[in-house]
Amino acid sequence: MPEDSATGGCLCGAVRFRIRFPTKWCAHCHCTMCRRAHGAAFVTFVGVVAERFAIEQGEQELVRYDSSASAWRRFCRRCGSTLTFEGERWPGEVHVVLANVDDPIDRAPQAHSYFDRAVEWVHPADDLPRLGGETGNQPLAK
Ligand SMILES: [Zn+2]
Ligand SMILES: [Zn+2]
C-alpha cells in the first residue's frame, strides 16, 4: 500500500513534522533570497495545503524570519535548518524544504523557478521547464 504521508525534521532532531499526501506541487527555486536563506545554489520545495502540514515535535524551537514584507521562513533555532516558506502570494499553503523530508513524496520536481536568477556554477542536466520573469514561474525565452 502506498504511504499516505512523509515525515521530516531539522538537523538536530528537535523539530519534527509530517506532510500528508496529496501534495500540490514540487519545484526547484533559484531566487536570490532562497539561495541566501539556505546557503545553497537552489532549494527544492514541496507545496502543500496548510492543513496537510503539521509540526509534530519541537514547535517551540521554530523561529519565524520575515524575509520580505509579505513572506516568511521558519528555521530551527538550535541547528539553523530551514524548514518552511510561506507568503501572502500563496494563502493557505506551506512550502516545505524537500531536502529535510525523510521519506519519498508523491511526486517529482516539476520545474526550475526563478531560473533567470540561477547561479552560473551549477548546471542542472534535467529536462524540466526553466521558468523565470517577474513571478518566477513564466516560460523563459530559449
Ligand atoms: Zn534543529
Ligand atoms: Zn525562492
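Every number for a ligand or one of its atoms is a count from 1 in the order of the listing.
- Residues Thr7 and Asp103 bring a donor and an acceptor atom of their side chains to less than 3.5 Å of each other.
- Sequence neighbours left out, the pairs with a member in residues 45-59 that pass side-chain hydrogen bond (donor to acceptor under 3.5 Å, both in side chains) are Arg18-Glu56.
- The backbone N or O of Gly133 lies less than 3.5 Å from a partner atom in the side chain of Arg117, making a donor-acceptor pair.
- A donor-acceptor contact under 3.5 angstrom links the side chains of Arg73 and Ser67, judged on distance only.
- Each of His28, His38, His112 was scored for a side chain to side chain donor-acceptor pair (under 3.5 Å) with Thr44, with one residue passing: His28.
- Protein N/O/S atoms closer to the Zn ion (ligand 1) than 2.8 Å number 4 in this structure.
- At distances below 3.5 Å, at least one donor-acceptor pair connects side-chain atoms of Asp106 with backbone N or O atoms of Thr23.
- With sequence neighbours excluded, the residues satisfying ring-ring contact (aromatic ring centres under 6.0 Å, His included) with Trp25 are His95.
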Practice item. Start with the C-alpha distance between Phe75 and Tyr65, add both sets of side-chain angles, then the distance that settles ring pair (Phe, Tyr, Trp, His ring centres under 6.0 Å), and finish with yes or no. Key: CA-CA 8 Å; Phe75 62 93; Tyr65 169 65; 7.3 Å; no
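- With a cut-off of 2.8 Å, the protein N/O/S atoms near the Zn ion (ligand 2) add up to 3.
- Judged by a 6.0 Å distance limit and a 45° cone about the ring axis, Arg130 is positioned over the six-membered ring of Phe115.
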